[in-house]
Structure formats: C-alpha cells, structure tokens
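I have a structure I would like to understand better, so I am pasting it below and will then ask my questions one at a time.
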Amino acid sequence: RRTGTFSKGMGQRTGLAAALLGTPRLLVLDEPTDGVDPLGRALLREVIARAAADGVTVFLNSHLLAESERICDGVAIMAHGRVVLSGDLAILRRDDRYLVRFAASEEVERVALRHGFVATGGEPAVGVMDFYLPVSQADDLSRALHAALGDGLLVREVRPATHDLERVMADAVHRDTAERGQ
C-alpha cells in the first residue's frame, strides 16, 4: 500500500521503522507518538527504548510531556527560542519532600500534623490519607515515621515526592520570563 493512505498512527510507526533502517547513531523524532493509539504508543516507546539501549542517541521533540516522561532520561526545555532548563529528568523532577500514605483513622490527621506531616488529602473511603513530609533527608523521614508509628499510625506507602514534567516546564518558563522582565 502507499504510505499516504495510512492512518496517522500507522504513518508514525512506518516513519520510525524507516528512521531505524541502517542502524543510525542518531535518531531525531518529532512527536513520535502523536496520533497513535495506546497500544501503538507502548510499542513505539519500547522500540525507542531498545534503540537507546543499543547505543542510539535519541533526540525527541514533543509537546506531549507525560509521554516524554515515559521515554526520556534527559530533557531540555525551550522558551522564547532558547533552552531555559536542561538536565537529567529524575533530578529535575525531584522534590524535597516525601509522600506518606497512612491508613485512615479518626486520629490520623491530628497525630500526623503533630509530627510535621502536611495533609494533602487522600481517599478515606479507600482507607488512606495522604501527607507530605517536607524533608529531603532519609534520617529525618525515619525519625518522623518512628514517632508517628509510636503514636499508633499505620503506614501504607512511603515514596519520594516528585514533580511531573509539566510542572518542571511551567516553573522553568515562569522563572525565565521573570528573569527577563517580561
């Protein structure tokens, strides 16, 4: 079939296949998953990850930031025609807080607040309440959790808090705009 008759998603798949012919060292992709169905996006991400694992440098341009987070390990954010932030995605997304989910109870909020946790909501119907602990050091986290556990709270989950790429981008663009006085 002529490729001009393909759907947008099939065109994206065909374009990636063509780009991979001849084992390139650099792969430049512009919105590679735009217009692709969910299963196709997963397949394209897998192909791109495999190419990167094989040593191909992948340069990806995309406005689909949630999708980019699933593919990229490094990012450069552009605004006003220049790079305003770049680096390792995991480092850029890092937040100096921990997310802690406690089992919901009548006392959970009062006890958690007493030990420095900040309520963020949760799903009491599901049996959990969410809190942030505004510390970056694991020993500070351990002390706060030990105290909360000693007061009878039950921990369901603990993980480092992160920002999504959309938030990282928005913060970088706003900072750049403020610095430029616009």
Side-chain angles (χ1 to χ4, degrees), residues 31-46 48-49 52 60-80 83-182:
E31 305 277 3
T33 61
D34 183 36
V36 180
D37 63 271
L39 293 176
R41 280 195 306 270
L43 175 65
L44 288 179
R45 282 194 304 268
E46 184 180 313
I48 293 167
L60 181 133
N61 172 56
S62 183
H63 293 91
L64 303 173
L65 301 182
E67 186 68 22
S68 298
E69 282 183 283
R70 299 179 87 174
I71 297 172
C72 300
D73 54 8
V75 297
I77 296 170
M78 294 188 68
H80 314 293
V83 174
V84 296
L85 181 69
S86 65
D88 181 276
L89 182 59
I91 292 171
L92 295 175
R93 290 185 63 216
R94 191 171 47 210
D95 183 345
D96 289 335
R97 301 179 298 176
Y98 285 90
L99 173 67
V100 179
R101 296 188 108 183
F102 290 112
S105 71
E106 291 180 19
E107 297 292 311
V108 66
E109 193 163 4
R110 183 183 60 74
V111 173
L113 293 175
R114 186 171 65 230
H115 295 296
F117 294 89
V118 178
T120 65
E123 304 170 53
V126 178
V128 294
M129 293 290 295
D130 293 345
F131 296 84
Y132 280 114
L133 185 63
V135 299
S136 59
Q137 302 300 318
D139 56 337
D140 294 330
L141 171 66
S142 295
R143 278 192 289 280
L145 286 173
H146 181 73
L149 291 168
D151 280 347
L153 296 187
L154 178 61
V155 176
R156 294 279 190 205
E157 178 183 2
V158 177
R159 63 181 159 89
T162 58
H163 298 294
D164 63 16
L165 186 52
E166 188 173 293
R167 165 89 182 268
V168 171
M169 184 215 59
D171 289 350
V173 171
H174 289 125
R175 214 173 18 256
D176 178 67
T177 301
E179 288 171 3
R180 294 174 48 163
Q182 296 182 338

- Residues two or more places apart in sequence or in another chain: which of them pass salt bridge (Lys or Arg N to Asp or Glu O under 4.0 Å) with Arg45?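 Residues passing salt bridge (Lys or Arg N to Asp or Glu O under 4.0 Å) with Arg45: Glu67.
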Go through the structure and list residues passing side-chain contact (heavy atoms from CB on, under 4.5 Å) with Asp151, not counting sequence neighbours.
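Residues passing side-chain contact (heavy atoms from CB on, under 4.5 Å) with Asp151: Val111, Arg114, His115.
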Arg156: salt bridge (Lys or Arg N to Asp or Glu O under 4.0 Å) partners, not counting sequence neighbours =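 Applying salt bridge (Lys or Arg N to Asp or Glu O under 4.0 Å) to Arg156 gives none.
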Which pair of non-hydrogen atoms, one from Ser62 and one from Leu60, has the smallest distance, and what is that distance?
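Of all heavy-atom pairs spanning Ser62 and Leu60, the closest is CB-CD2, 3.7 Å.
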*asked:* Which residues pass the side chain to side chain donor-acceptor pair (under 3.5 Å) test with Glu107, not counting sequence neighbours?
replied: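 Scan of Glu107 (side chain to side chain donor-acceptor pair (under 3.5 Å), adjacent residues dropped) gives Arg110.
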query = Taking atom CG of Leu64 and atom CG of Leu165, what is their separation to the nearest 0.5 Å?
reply =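 If we round to the nearest 0.5 Å, Leu64:CG and Leu165:CG are 11.0 Å apart.
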request  = Give, for atom CG of Leu85 and atom CE of Met78, the distance between the pair rounded to the nearest 0.5 Å.
outcome  =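 Spacing of CG (Leu85) from CE (Met78) equals 12.5 Å.
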### Task
Not counting sequence neighbours, which residues clear side-chain contact (heavy atoms from CB on, under 4.5 Å) with His174? List them please.
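Residues passing side-chain contact (heavy atoms from CB on, under 4.5 Å) with His174: Ala170.
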Sub-4.5 Å side-chain heavy-atom contact between Asp164 and Leu65 =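 No. Closest side-chain heavy atoms not under 4.5 Å.
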What distance do Leu44 atom CG and Asp37 atom CG have between them, rounded to the nearest 0.5 Å?
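Leu44 CG to Asp37 CG: 9.0 Å, rounded to 0.5 Å.
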Report task. Look only at the side chain of Ser105 and the backbone of Val108, and say whether a donor-acceptor pair between them is shorter than 3.5 Å. Result ->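 At least one qualifying donor-acceptor pair exists.
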Taking side-chain contact (heavy atoms from CB on, under 4.5 Å) as the test, write out the residues that go with Glu157, two or more places apart.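 Once residues adjacent in sequence are excluded, the partners of Glu157 under the side-chain contact (heavy atoms from CB on, under 4.5 Å) criterion are Arg101, Arg159.
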request  = Check side-chain contact (heavy atoms from CB on, under 4.5 Å) between Pro160 and all other residues, then give those that pass, not counting sequence neighbours.
outcome  =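 For Pro160 the side-chain contact (heavy atoms from CB on, under 4.5 Å) partners, ignoring immediate neighbours, are Tyr98.
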Check: Can you name the residues that form a side chain to side chain donor-acceptor pair (under 3.5 Å) with Asp171, not counting sequence neighbours?
Finding: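 Partners of Asp171 by the side chain to side chain donor-acceptor pair (under 3.5 Å) criterion, ordered by chain and then number, come out as Arg167.
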Atom pairs and distances, side-chain donor-acceptor, residues 131-148, under 3.5 Å, sequence neighbours left out:
residue: Asp140; atom: OD1; partner: Arg143; partner atom: NH2; Å: 2.5
residue: Ser142; atom: OG; partner: Ala138; partner atom: O; Å: 3.0

_List the residues meeting salt bridge (Lys or Arg N to Asp or Glu O under 4.0 Å) with Asp88, not counting sequence neighbours, and say none if there are none._
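So Asp88 forms no salt bridge (Lys or Arg N to Asp or Glu O under 4.0 Å) with any residue.
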How would you list, by chain and number, every residue that makes a salt bridge (Lys or Arg N to Asp or Glu O under 4.0 Å) with Glu166, sequence neighbours excluded?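 Not a single residue meets the salt bridge (Lys or Arg N to Asp or Glu O under 4.0 Å) criterion with Glu166.
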Q | All pairs passing side-chain hydrogen bond (donor to acceptor under 3.5 Å, both in side chains) where residues 68-78 contributes a residue, at least two apart | A |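 As it turns out, the side-chain hydrogen bond (donor to acceptor under 3.5 Å, both in side chains) pairs with a partner in residues 68-78, which skip direct neighbours, are Glu69-Arg93.
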Exercise. So do the side chains of Val128 and Phe102 get within less than 4.5 Å of each other, counting heavy atoms only?
Worked result: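 They are not in contact (no side-chain heavy atoms under 4.5 Å apart), so the answer is no.
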| task | Looking only at non-hydrogen atoms, find the nearest pair between Pro32 and Asn61 and report the distance. | result |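 Smallest interatomic distance, heavy atoms only, reads CD-O, 4.2 Å.
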